[in-house]
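Note that the structure is a prediction, hence the values are computed from the model and not measured.
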Amino acid sequence: MPEADEMDDEEEMPLSLRLSIADTLTLGNATCGFMAVYFTTTGILIPHLTGSDESGMARHSAATAVILMLCAAVFDLFDGLVARKLRSSPMGAELDNLSDLISFGLAPAYFVLVYGMVADDAYQKVAAVGAIVVLLAVVLRLARFSCVTVKDGTFQGMPSPFGALTVVSIILLELPFVATLMAIMGTAWLMVSRVEYPKPRGRLAVAMLSWIVLSMGLLAAWAFDAPGGQLLLQTGCALQLVMGAVIPLFATARRVNNFRGNRREARAAQLP
């Protein structure tokens with residue numbers, strides 16, 4: 001009997017190593033994050049270090065890196081939906097956290113670091129501190145997400161994909177260095193704060209996907225120097241920052257409405 005149990009265990013072990021469809025999407029997320037780092041290095045950092053004057057290459061590579069982060073956000077959105085509809089492997093949660101760390105922690109933090117090296121008015125060492133803060137904020141957020149149970153339908157703190165896109169939007173706005181750094185620090189604080197953000201489900205998921213597709217279009221127009229592309233990109237980046245500040249108000253409004261509804265029900269129950 002013990003030998004039979006050991007044989008059953010050996011047959012069941014490989015099941016935990018089989019990737020589901022959701023896990024494959026999660027790996028797509030990690031791949032996009034890594035490639036974002038690659039394009040940031042080869043198209044922005046290396047030309048700057050070698051003294052290349054090909055500004056077009058830097059613009060195309062910056063747009064490509066951000067588009068890859070947007071693609072990673074799409075993968076992150078759909079892997080959760082697919083996992084709920086179908087199934088995920090026992091590795092699903094760990095794969096999701098590791099992939100998010102690459103795409104929404106390392107990639108945007110590296111983008112901040114490179115910005116500090118190539119921008120004319122930036123201070124490299126100070127920008128490096130900002131990059132570390134972004135990375136640590138995502139690490140802490142992902143660790144807390146794994147350990148803390150929150151109310152269904154909400155995130156505690158700005159979700160890391162939204163935070164990563166907000167960080168790169170701040171850089172693409174080309175604000176003065178001090179304003180850029182302060183906005184990045186504020187975004188990092190929002191990621192580890194207790195401010196509630198609604199989970200992207202239903203109409204909100206559709207709205208988020210539409211916004212991601214629109215952002216890709218704005219980045220493409222900017223990369224190929226389309227008429228008004230710079231203005232369109234800066235408008236989109238500004239809207240990203242505004243949404244980061246406004247979206248928590250929806251979760252707060254819903255919590256207030258639920259509280260008022262519960263009070264009305266309690267009063268109605270007390271009436272004779």
Side-chain angles (χ1 to χ4, degrees), residues 29 32-33 35-37 39-40 43-44 55-78 100 103-105 107-112 114-116 118-119 121-122 130-131 134 138 155 158-177 179-188 190-191 195 197-198 200 203-250:
N29 171 7
C32 288
M35 293 305 296
V37 173
F39 278 100
T40 303
I44 302 176
S55 59
M57 179 186 297
R59 176 175 288 195
H60 292 163
S61 298
T64 302
V66 180
I67 287 174
L68 284 166
M69 293 185 213
L70 289 166
C71 290
V74 173
F75 280 119
D76 186 61
L77 178 64
F78 278 102
D100 286 354
S103 298
F104 311 125
Y110 187 70
F111 202 80
V112 173
V114 173
Y115 156 74
V118 304
D121 64 337
V134 170
V138 175
F155 288 116
M158 180 183 285
S160 53
F162 200 87
L165 299 179
T166 303
V167 166
V168 297
S169 296
I170 293 167
I171 295 174
L172 293 176
L173 273 175
E174 299 182 0
L175 300 171
F177 176 72
T180 298
L181 186 65
M182 294 300 293
I184 289 172
M185 293 292 190
T187 303
L190 281 173
M191 283 193 280
V195 178
Y197 282 76
R203 293 180 180 178
L204 186 57
V206 174
M208 179 173 291
L209 182 60
S210 301
W211 172 248
I212 290 174
V213 173
L214 176 61
S215 299
M216 290 181 179
L218 296 176
L219 285 162
W222 173 68
F224 290 101
D225 203 17
Q230 180 75 20
L231 179 60
L232 288 172
L233 178 68
Q234 290 184 340
T235 302
C237 292
L239 287 174
Q240 176 73 27
L241 269 65
V242 171
M243 287 192 298
V246 171
I247 285 179
L249 298 179
F250 291 100

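Shown here for Ala73 and Ile212, the closest heavy-atom pair between the two residues is CB-CD1, 4.0 Å. Contact detail for Gly33 and Ala107: the closest heavy-atom pair is O-CB, 3.9 Å. Closest approach of Cys32 to Leu68, counting heavy atoms only: CB-O, 3.3 Å. Scanning all heavy atoms of the two residues, the minimum distance from Gly163 to Met158 falls at CA-SD, 3.4 Å. Nearest heavy-atom pair across Phe162 and Gly244 is CE2-CA, 3.4 Å. The heavy-atom pair separating Pro108 from Ser103 by the smallest distance is CD-O, 3.3 Å.
The line from CD of Gln234 to CG of Leu218 is 11.5 Å long, rounded to the nearest 0.5 Å. To the nearest 0.5 Å, the span separating CE on Met185 from CG on Leu190 amounts to 13.5 Å. Taking CZ from Phe224 and NE2 from His60, the interatomic distance works out to 5.5 Å, rounded to the nearest 0.5 Å. Taken from OG1 in Thr40 to CE in Met35, the straight-line distance is 10.5 Å, to the nearest 0.5 Å. Distance check: Leu165 CG to Phe104 CZ gives 7.0 Å after rounding to the nearest 0.5 Å. In this structure, Cys237 SG and Leu173 CG are separated by 5.0 Å, a value rounded to the nearest 0.5 Å.
Annotation: side chain of Ile184 is in contact with side chain of Ile171 (closest heavy-atom distance under 4.5 Å). Considering only heavy atoms from C-beta on, Met208 stays 4.5 Å or farther from Met243 through its side chain.
Remark: Asp76 pairs with no residue by the side chain to side chain donor-acceptor pair (under 3.5 Å) rule, at least two apart or across chains. Partners of Phe177 according to the ring pair (Phe, Tyr, Trp, His ring centres under 6.0 Å) rule, which considers only residues two or more places apart in sequence or in another chain, are Tyr123.
Between the Thr187 side chain and the Val167 main chain, no donor and acceptor come within less than 3.5 Å of each other. For the pair Thr180 (side chain) and Leu175 (backbone), a donor-acceptor distance under 3.5 Å is present.
The side chain to side chain donor-acceptor pair (under 3.5 Å) analysis of residues 160-169, with sequence neighbours excluded, yields the pairs Thr166-Gln240.
When each of Ile67, Leu214, Val168, Leu232 is checked for a side chain to side chain contact (heavy atoms under 4.5 Å, CB included) with Leu219, only Ile67 meets the rule.
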Could you go through the side chain to side chain contact (heavy atoms under 4.5 Å, CB included) check for Val134 and Phe111 one step at a time? CA-CA 10 Å; Val134 170; Phe111 202 80; over 6 Å; no
